[in-house]
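Beneath this line is the structure, given in structure tokens, with notes to follow.
Side chains are part of it too, since the values below use all heavy atoms of this structure and drop only hydrogens, waters and symmetry mates. Residue numbering restarts at 1 for every chain, and letters A, B, ... go by the order of the sequence lines.
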There are 8 protein chains.
Amino acid sequence: MIKEILKQVQQGKLTVADAEKELATYEDLGFAKVDYHRKKRQGFSEVVFGEGKTAEQIISIIKALQLKDKSVLVTRISKEKANQVLEACPSFAYNEVAKILFWKDSDQDSFFEGYIAIVCAGTSDLPVAEEAAVTAEILGCKVRRIYDVGVAGIHRLLNNIDEIQNATVTVVVAGMEGALPSVVGGLVSHPVIAVPTSIGYGANFNGLSALLTMLNSCSSGISVVNIDNGFGAAYNAALIHRLIQKGAKHNENALS
Amino acid sequence: MIKEILKQVQQGKLTVADAEKELATYEDLGFAKVDYHRKKRQGFSEVVFGEGKTAEQIISIIKALQLKDKSVLVTRISKEKANQVLEACPSFAYNEVAKILFWKDSDQDSFFEGYIAIVCAGTSDLPVAEEAAVTAEILGCKVRRIYDVGVAGIHRLLNNIDEIQNATVTVVVAGMEGALPSVVGGLVSHPVIAVPTSIGYGANFNGLSALLTMLNSCSSGISVVNIDNGFGAAYNAALIHRLIQKGAKHNENALS
Amino acid sequence: MIKEILKQVQQGKLTVADAEKELATYEDLGFAKVDYHRKKRQGFSEVVFGEGKTAEQIISIIKALQLKDKSVLVTRISKEKANQVLEACPSFAYNEVAKILFWKDSDQDSFFEGYIAIVCAGTSDLPVAEEAAVTAEILGCKVRRIYDVGVAGIHRLLNNIDEIQNATVTVVVAGMEGALPSVVGGLVSHPVIAVPTSIGYGANFNGLSALLTMLNSCSSGISVVNIDNGFGAAYNAALIHRLIQKGAKHNENALS
Amino acid sequence: MIKEILKQVQQGKLTVADAEKELATYEDLGFAKVDYHRKKRQGFSEVVFGEGKTAEQIISIIKALQLKDKSVLVTRISKEKANQVLEACPSFAYNEVAKILFWKDSDQDSFFEGYIAIVCAGTSDLPVAEEAAVTAEILGCKVRRIYDVGVAGIHRLLNNIDEIQNATVTVVVAGMEGALPSVVGGLVSHPVIAVPTSIGYGANFNGLSALLTMLNSCSSGISVVNIDNGFGAAYNAALIHRLIQKGAKHNENALS
Amino acid sequence: MIKEILKQVQQGKLTVADAEKELATYEDLGFAKVDYHRKKRQGFSEVVFGEGKTAEQIISIIKALQLKDKSVLVTRISKEKANQVLEACPSFAYNEVAKILFWKDSDQDSFFEGYIAIVCAGTSDLPVAEEAAVTAEILGCKVRRIYDVGVAGIHRLLNNIDEIQNATVTVVVAGMEGALPSVVGGLVSHPVIAVPTSIGYGANFNGLSALLTMLNSCSSGISVVNIDNGFGAAYNAALIHRLIQKGAKHNENALS
Amino acid sequence: MIKEILKQVQQGKLTVADAEKELATYEDLGFAKVDYHRKKRQGFSEVVFGEGKTAEQIISIIKALQLKDKSVLVTRISKEKANQVLEACPSFAYNEVAKILFWKDSDQDSFFEGYIAIVCAGTSDLPVAEEAAVTAEILGCKVRRIYDVGVAGIHRLLNNIDEIQNATVTVVVAGMEGALPSVVGGLVSHPVIAVPTSIGYGANFNGLSALLTMLNSCSSGISVVNIDNGFGAAYNAALIHRLIQKGAKHNENALS
Amino acid sequence: MIKEILKQVQQGKLTVADAEKELATYEDLGFAKVDYHRKKRQGFSEVVFGEGKTAEQIISIIKALQLKDKSVLVTRISKEKANQVLEACPSFAYNEVAKILFWKDSDQDSFFEGYIAIVCAGTSDLPVAEEAAVTAEILGCKVRRIYDVGVAGIHRLLNNIDEIQNATVTVVVAGMEGALPSVVGGLVSHPVIAVPTSIGYGANFNGLSALLTMLNSCSSGISVVNIDNGFGAAYNAALIHRLIQKGAKHNENALS
Amino acid sequence: MIKEILKQVQQGKLTVADAEKELATYEDLGFAKVDYHRKKRQGFSEVVFGEGKTAEQIISIIKALQLKDKSVLVTRISKEKANQVLEACPSFAYNEVAKILFWKDSDQDSFFEGYIAIVCAGTSDLPVAEEAAVTAEILGCKVRRIYDVGVAGIHRLLNNIDEIQNATVTVVVAGMEGALPSVVGGLVSHPVIAVPTSIGYGANFNGLSALLTMLNSCSSGISVVNIDNGFGAAYNAALIHRLIQKGAKHNENALS
């Protein structure tokens with residue numbers, strides 16, 4: 001890309017000032033530099049981490065982002081803050097369990113027929129699992145939810161194993177000892193993204209126990225994201241989904 | 001017991017000197033106080049922790065203990081040290097994998113027909129599993145070994161689950177992420193004693209990962225011993241076995 | 001069991017559909033999969049961990065479980081939540097110190113005459129000790145409470161040692177430095193289940209200090225559960241109790 | 001699959017004995033249960049973790065595995081041990097930097113034309129990067145190595161960014177502060193798998209510093225494996241590669 | 001200095017009482033010893049850490065300090081406490097974002113034309129960045145703020161790199177994984193002072209992750225202050241600024 | 001003592017029942033076993049740790065203790081709880097800064113003319129320093145307070161060093177980096193008891209930093225108590241004071 | 001002292017040069033500044049920490065120190081290094097278990113008839129216990145050794161409790177879970193100095209477990225030194241001993 | 001700089017190929033990308049971290065670097081490796097204590113007359129202090145060494161305080177409890193760069209204790225580098241020195 005800009009400058013098609021502008025890929029709001037290039041660079045729009053930002057800041061960022069691309073995603077936003085934002089941005093919707101705010105009409109064409117399995121160990125892991133599920137849906141993926149199938153009652157997992165095995169990617173959410181990804185990882189032939197949750201008590205140390213379990217898993221094919229980071233897992237899964245679609249298109253082109 | 005001694009003193013059956021002697025329940029070797037009362041107090045003879053003791057010290061302790069009770073158990077003793085001890089104490093045998101030295105003819109009547117299942121996750125956990133198995137056998141218990149059934153290939157565990165379910169107690173030994181006890185704990189109706197091992201690398205932190213996993217297990221019925229403490233798990237299991245036998249006798253008596 | 005189902009299918013006694021159903025051992029409430037097989041598999045009904053669940057979720061789970069088995073146990077449930085549940089489930093009772101909700105008429109036949117000693121170090125450890133005591137009672141065991149006998153005044157422990165020595169299992173609850181299980185473990189000949197509590201300050205690190213103490217105990221016969229996990233210790237103790245009873249029955253049968 | 005076996009049993013096509021055998025998916029070597037189903041279940045053959053196994057054990061496992069599938073992979077195996085194995089298994093080759101032993105003629109058809117970028121921060125991270133690169137190649141993927149492009153000289157990374165951006169998956173290996181995945185993650189639109197290494201000193205704590213950095217990355221699209229786990233990262237990347245190929249085939253089928 | 005006092009005593013120019021008084025460099029308020037010598041010894045007046053002191057205590061300290069030097073700085077003071085102090089000390093002003101209270105007319109002659117770049121990674125790091133910026137300004141330095149240029153969008157940093165490279169010192173404030181100082185450190189030829197913030201979640205451990213990242217930075221020229229210690233970083237930067245000015249003066253003198 | 005009781009039993013001077021009673025050195029309040037022997041055994045009455053006990057429990061314990069010995073000390077008791085206790089026990093007084101409740105007329109004869117120096121580093125360490133000072137006074141020791149003499153202004157310490165050097169024991173209280181005991185320890189020839197406080201922020205980790213500093217001190221003659229444990233330090237110091245007095249008496253006797 | 005020097009300077013009794021010299025209290029060996037004032041300032045000669053110093057460095061320091069005071073103590077010195085030093089300094093002796101090198105004829109008049117009890121939990125703690133015992137003896141104190149009385153066999157401790165109770169100070173050395181000081185602390189009325197050792201395995205974490213136990217002890221009257229720091233404990237105990245002697249003298253003077 | 005290149009391209013003074021080349025600022029050795037721009041970008045040549053690189057790799061890197069700039073610095077290089085390099089690069093010299101290899105005739109014009117004070121606490125901290133001192137000297141700074149002035153004998157520090165106060169920057173190296181920087185920081189009016197060392201034992205945790213102490217210092221004006229990172233501290237100090245010189249020149253220019 002830089003090469004191209006250089007060429008255009010050389011050929012007089014682009015002034016130096018414009019070339020510099022071309023690189024100015026964000027708007028500076030003072031407290032934040034809103035990234036316009038993200039979608040081009042990373043494939044999805046910028047995602048706003050709602051925690052620690054005021055409703056006013058979030059509204060400003062949304063408005064700046066929407067000048068270029070309507071589909072914005074705000075994660076970790078409380079009901080109170082979300083309500084304030086919704087008044088200013090009525091075209092948005094809020095999912096209370098997942099604590100996600102998103103553009104109602106966002107382009108949710110599921111790009112192909114595969115689905116992501118979102119598996120969680122216990123009822124208390126639900127908010128993180130839902131953060132993952134809703135994120136994946138907003139990013140255009142089909143999702144199947146298989147909840148409360150922790151290893152203490154392994155038959156619950158085994159009874160749903162077909163649905164998990166047929167997914168293209170599985171996100172496994174677990175707190176306490178976090179053993180579920182190891183068991184799932186040994187039963188499937190696709191990537192497993194493990195999300196430790198901070199659910200537990202005592203020597204759980206706010207999710208550290210589950211995190212270490214997942215990092216040390218003896219099953220191959222598991223990678224791990226931060227504690228409670230349902231969004232991150234879903235984002236990874238969506239990237240993989242898009243790759244599959246691309247692979248498909250690529251081969252189509254090769255065929256034609 | 002103190003009450004009894006008091007009574008005997010009162011009744012003139014015991015002099016004050018003898019009463020004091022009665023409480024002198026160990027021999028003082030200077031560097032060690034050898035405990036003669038252990039078997040009476042705890043049901044099994046004193047177990048000597050071999051690590052950090054010289055062969056000479058171990059020989060002295062064995063000789064002192066054997067004045068009262070022949071069956072002595074020395075754990076964590078290297079082959080070199082064991083060979084030195086065996087020369088001085090030829091009635092002993094040494095198990096190299098388990099690193100245990102024990103009195104060859106120790107009274108290994110299995111007190112009843114139940115058995116302890118010793119389950120381990122991977123081949124590398126074998127030395128700890130064997131420490132547990134050999135200890136349990138020396139303490140007079142039947143043992144069944146079910147090795148290399150880690151959760152990454154859950155079918156290997158499920159294929160052996162009957163043998164585990166029929167045990168009276170199960171000792172589960174696992175390193176890496178230490179998820180195996182949670183799965184076993186959910187499938188059996190007897191106590192599970194979990195032993196984390198220091199096997200693993202990176203964020204395993206010498207067994208800390210497996211230890212935390214086991215402490216945070218969402219399966220009920222699991223208790224945990226120190227990292228690599230196969231002996232401790234087996235000792236606990238043997239205590240439970242003896243209780244069952246006692247229970248049996250108790251009821252027999254009640255019947256007759 | 002699988003073999004039997006296979007045989008019945010082969011013999012035409014079971015349709016494939018029914019065979020599959022037979023394995024469907026839980027009801028799916030969406031947010032939870034209620035486990036009907038637990039009692040069969042583990043000997044006690046499923047226990048509901050109340051923390052992090054809403055009163056509504058708890059009520060749904062209780063109602064689903066009670067279709068098959070009335071005796072349900074809910075731990076870590078606050079007074080407020082418990083009151084909400086009690087309105088919907090009037091046949092339940094609530095123990096405020098232990099924070100346990102249970103079916104009032106649950107089948108509390110103490111299955112044999114042995115008892116569990118629940119020992120705690122200080123007055124502040126009482127809630128955890130009571131969680132253990134009440135759990136054990138609900139699971140059908142006799143319990144003796146020996147409270148506030150911490151090692152700083154060892155004579156208080158020694159004065160109660162007979163009652164502890166005569167128990168079949170001892171649960172020792174201690175915070176601060178957690179030294180009590182080591183001392184008790186050296187004085188009894190039955191299993192000791194140690195429960196570290198989060199009571200303390202400074203370098204106690206919310207129970208980590210007591211946990212490490214117990215894991216490193218130089219007394220044999222001690223196993224450890226998670227910090228503040230009074231329920232888990234009692235559940236383990238009850239499993240051992242049941243084994244003793246079984247052992248008794250087993251020998252009876254052998255006699256007859 | 002279970003359903004199918006049930007049907008075959010019902011239809012008399014499979015005896016109960018054979019149905020059971022069908023589930024017996026491993027050979028029991030005593031110290032190990034060799035998994036024959038792995039390739040079917042997970043898509044790649046079982047990988048043997050060489051550390052902590054003797055050369056003899058490794059040879060036995062290889063021989064058992066090769067009865068069903070020739071392509072075996074042994075990781076973390078020292079030169080000495082590898083030489084012993086090579087004598088017994090002359091059809092294998094050894095890569096000394098990556099410490100990997102593999103079947104020389106293993107079926108390395110790169111299944112499609114995409115490639116995995118293996119990026120590392122410093123010269124000292126090379127062994128882990130090579131473990132990843134060699135693993136990926138053995139699993140049939142094309143690989144491009146972009147080494148020594150740590151963030152201290154960001155221009156080295158930027159000069160190679162096109163090659164990284166055109167990959168389908170990027171594995172980023174970094175020790176010290178482990179900042180490289182965050183920078184790469186912000187510049188690409190495909191999944192990044194981050195591998196912390198134990199390279200560093202002082203407050204690096206054997207890779208903990210790099211591990212935490214990667215887990216807390218503010219770039220989306222990053223997932224993390226254990227410290228020094230180059231194999232695990234490559235295995236994940238290969239799973240994703242295979243998915244893309246599958247996606248391609250799937251669409252081909254849809255077209256025809 | 002002691003030598004001089006000794007001489008003056010010897011020469012009778014100073015009585016022993018006065019000599020002792022000369023060393024009495026603070027006023028004892030009972031709860032605090034107010035340091036009058038600080039400015040002479042360290043170049044800047046004593047800075048009062050507001051956290052954990054009552055408004056009354058702060059007022060007393062200010063009043064004592066102002067007997068000798070008007071320019072006092074109070075950090076980490078909440079709005080409520082600041083308002084109470086402002087009533088008693090109307091010549092002070094309060095900066096709410098930076099939580100700093102300072103003497104309105106403090107002598108803010110920027111001593112030379114260089115400036116400190118205050119760079120921060122994300123919007124949530126702003127309070128710490130502002131603590132640094134406001135402190136530096138009160139200590140008489142010019143400041144340029146470059147905010148929200150975290151490594152996830154490296155182009156935002158690169159677009160502002162000239163302004164950062166032209167600074168004399170750069171303070172880099174970052175939470176989450178804290179990778180920004182490493183990248184900045186590799187691009188500038190002046191000292192970088194890194195401030196980890198407690199912003200983040202999960203395995204961030206309240207800033208520990210960012211702290212370790214910065215300590216392990218592979219870029220040379222970076223030193224680190226405590227988590228959230230914006231004040232400390234600015235104080236260091238101001239010391240360096242003053243040195244440059246001194247160096248200038250020194251050479252001027254050398255020239256003349 | 002046991003010997004004596006045995007003798008008395010033998011001589012018929014003591015019945016078995018009385019002998020047993022003699023060992024019953026506490027009253028059992030159910031939730032607490034109040035220790036009557038403490039003063040005899042340890043030289044000071046039992047001290048009640050107020051945190052985590054209700055006002056009612058504290059009142060019961062005080063009343064039980066006062067049957068035998070009036071001087072009771074309750075530490076870590078909030079103002080609210082103290083007020084409740086004071087209503088029931090009007091002969092007590094409360095020190096709000098030190099959070100200590102004590103018997104107003106407790107026997108505070110300073111047993112000899114030496115004094116304990118209580119030194120603290122900063123104004124924020126005052127509550128812990130006062131807990132130490134008030135405790136020592138109640139236990140009958142003279143105390144001198146030297147506050148706010150942290151190492152950042154070493155001259156404040158040096159100006160008070162004579163008063164510290166003349167003490168018999170010095171208690172040094174410090175938070176933040178906790179360096180003060182090392183400096184004091186190098187300047188005095190008597191025991192220094194170091195108390196880390198939880199005062200600080202960031203990498204202070206609630207006092208862990210100060211605790212480690214003190215444990216690793218390169219000055220000889222320093223021992224350490226738990227974080228914020230002003231009481232413990234004072235108790236130790238008082239024990240040493242009493243020893244000195246005893247030593248004095250001992251020698252007097254030797255003289256006469 | 002400074003006051004005195006000031007006065008002497010004022011009175012012309014001391015020149016400024018001499019006054020300065022008076023403060024020059026050490027000899028500068030380049031790699032070390034040998035402290036001549038230590039004995040005056042702290043009551044005992046400087047103690048040389050042998051670890052990490054070469055034999056040559058130790059010899060130089062000893063020779064410098066002996067110019068002013070013959071009794072030098074070198075701790076943590078290996079046999080090899082000690083032999084080298086002994087050749088150069090034949091008037092010294094070496095204790096191999098305690099790893100201490102000391103001046104053979106050092107002035108070991110035990111200053112009064114009290115003794116320090118050195119108590120240790122297990123045989124493996126002996127080297128640390130001996131470091132304490134030998135140090136105390138060299139510093140002129142009587143010592144009684146009570147070894148191998150760990151809490152797992154509490155009767156061994158109780159049988160020796162009289163000897164411990166009659167000491168003036170008790171040093172308690174313990175590894176593993178480190179519970180012994182708590183029990184001893186509750187049984188004596190003098191200060192207890194606790195020394196955690198690094199003896200243990202697994203979750204012992206090189207003595208951290210024992211250290212935390214001792215810091216959190218619920219017994220009053222316990223202070224703690226660094227892991228394995230037998231020297232430090234003995235030094236503290238000797239300081240207390242000297243105080244008692246001083247106290248005695250003080251009162252003698254008061255009497256006369 | 002980019003702007004200038006753009007302009008030159010526009011003006012036809014630079015071809016696109018040359019513009020790209022201009023950005024190719026390193027040579028790719030395969031295992032390393034040697035950075036030619038470092039001196040331009042950062043002011044000093046690239047420094048090679050010798051640990052974990054073979055002698056061959058180091059020689060290759062040196063030879064590549066010397067094509068553009070002779071003065072190369074290799075840190076953390078063992079004597080053995082250094083000797084191998086010296087054979088191939090005879091114009092280099094090796095400092096064994098500091099473990100630094102450097103170009104003998106490197107341009108060591110001390111750029112101005114100020115000096116850096118290198119202060120260390122104990123004899124064992126010497127290697128790290130020397131790494132700092134030698135590095136600073138090679139980077140062209142004057143250095144004064146003030147060694148073995150730890151806080152346990154504060155008079156040794158105070159006797160050298162003038163020399164420290166007159167430095168422009170002070171590097172303070174300390175292990176054990178790491179208290180020295182706090183004391184120095186309170187006595188000087190220039191920046192202090194603190195280097196924790198891994199010297200110590202027990203709860204020192206390989207330098208963690210000293211690191212935390214320094215980060216939490218209550219003295220202003222202290223920043224910290226990684227454990228044992230003497231090089232990093234000196235590099236920072238040299239950057240500050242150069243700034244002072246620049247400041248001087250700047251003002252000269254302003255004058256003229």
Chain D contact via H/Asn206 - which portion, at a heavy-atom distance below 4.5 Å: neither
Exceeds 12 heavy-atom contacts within 6.0 angstrom, atom NZ of H/Lys99: no
Residues D/Phe205, H/Leu208; criterion side-chain contact (heavy atoms from CB on, under 4.5 Å); working and verdict: CA-CA 10 Å; D/Phe205 299 123; H/Leu208 180 62; 3.7 Å; yes
Among D/Gly122, D/Ala203, D/Ser124, residue most engaged with chain H (heavy-atom pairs, under 4.5 Å): D/Ala203
Spacing of D/Met176 atom CE and H/Asn226 atom CG [to the nearest 0.5 Å]: 8.0 Å
